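A short write-up of the structure that comes next.
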Number of protein chains: 2
Amino acid sequence: MNNRLRVLRAERAWSQQDLAERLEVSRQSVNAIETGRYDPSLPLAFRIADLFGMTIEDIFQNPSKETPQ
Amino acid sequence: MNNRLRVLRAERAWSQQDLAERLEVSRQSVNAIETGRYDPSLPLAFRIADLFGMTIEDIFQNPSKETPQ
DNA sequence: GCGATTTGTCAATGGTGCTTTCCATATGGG
DNA sequence: CCCATATGGAAAGCACCATTGACAAATCGC
């Protein structure tokens with residue numbers, strides 16, 4: 001699943017460690033989500049959306065809607 | 001995590017089995033999500049939101065925002 | 001060059017999403 | 001009563017989310 005986490009983090013000049021602490025997850029989890037190795041749980045997706053003041057749909061792209069061509 | 005799945009399903013007069021088939025998951029998964037035994041994965045949450053033509057936030061309530069009093 | 005920071009990734013472990021199978025209860029129609 | 005449908009849930013298993021700890025490579029300031 002594509003996501004804009006890396007861009008949102010860069011806009012705020014946060015390291016992966018900074019973001020991990022704000023989300024209360026490990027740095028490795030942040031890295032794995034950014035690099036697309038896995039998707040966050042729904043509760044974690046809500047925490048991410050809350051942190052950036054956005055909706056989940058603003059940050060994560062539904063895989064069934066990726067490049068529909 | 002609270003969710004409005006049971007209400008949305010009832011509005012359409014679908015059984016849990018009907019909904020499960022539309023989501024391509026087992027009936028037990030639908031039942032477990034409705035009864036709050038576990039939360040769906042993020043990809044499944046997107047499929048649910050798509051099916052009902054809503055956003056994830058319309059259907060699932062962020063646990064950190066439940067009854068903030 | 002050296003140390004500190006950042007990022008990517010691996011291994012091992014535990015928790016959970018989702019499955020199939022099975023059982024139980026309730027309801028409604030013949 | 002019998003049968004089908006709907007719902008709730010337990011058990012076992014698999015795959016994946018998330019953890020800690022470790023290592024390597026790149027960058028930056030001194």
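All values reported here derive from a predicted model rather than from experimental measurement.
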Check B/Pro43 against A/Asp39 and note the closest heavy-atom contact, atom names and distance. CG-OD2, 3.5 Å
I need the residues from residues 3-16 of chain A with at least one non-hydrogen atom less than 4.0 Å from DNA chain D; give them sorted by number, or say none. none
B/Glu11 meets the side-chain contact (heavy atoms from CB on, under 4.5 Å) criterion, sequence neighbours left out, with B/Val7, B/Leu8
Under a 3.5 Å distance rule, please check whether B/Gln61 uses its side chain to pair with a backbone N or O of B/Met1 as donor and acceptor. no
Tell me, which pairs form a ring-ring contact (aromatic ring centres under 6.0 Å, His included) where one or both residues lie in residues 3-32 of chain A, sequence neighbours left out? A/Trp14-A/Phe52
Residues in side chain to side chain donor-acceptor pair (under 3.5 Å) contact with A/Glu34, at least two apart in sequence or another chain: A/Arg9, A/Gln16
Whether A/Asn31 contacts C/dG8 is assessed here as follows: a side-chain N or O lying under 4.0 Å from the phosphate OP1 or OP2. Is that the case? yes
Quick tally for nucleotides 13-28 of chain C: nucleotides whose base has a protein heavy atom under 4.0 Å get B, sugar-phosphate-only ones S, the rest -, giving ----SBBBBB------
Considering the terminal five base pairs at each end of the helix from C/dG1-D/dC30 to C/dG30-D/dC1, what angle separates the two local helix axes, rounded to 10°? 30°
Protein-nucleotide distance (A/Glu34, atom CD; C/dT7, atom P), rounded to Å: 8 Å
A/Gln17 meets the side-chain contact (heavy atoms from CB on, under 4.5 Å) criterion, sequence neighbours left out, with A/Ser15, A/Glu21, A/Arg27
Nearest-Å distance, CD (A/Glu21) to C1' (D/dA18)? 17 Å
Separation between CG (A/Asp58) and CD1 (A/Ile48), nearest 0.5 Å, reads 13.0 Å
Please say which of B/Ile33, B/Leu44, B/Leu42, B/Asn3 ends up in a side chain to side chain contact (heavy atoms under 4.5 Å, CB included) with A/Leu42. B/Leu42
For the side chain of B/Arg4 and the backbone of B/Ile59, is there at least one donor-acceptor N/O pair under 3.5 Å apart? no
Tell me, please, which residues at least two apart from B/Ser29 pass side chain to side chain donor-acceptor pair (under 3.5 Å). B/Ser26, B/Tyr38
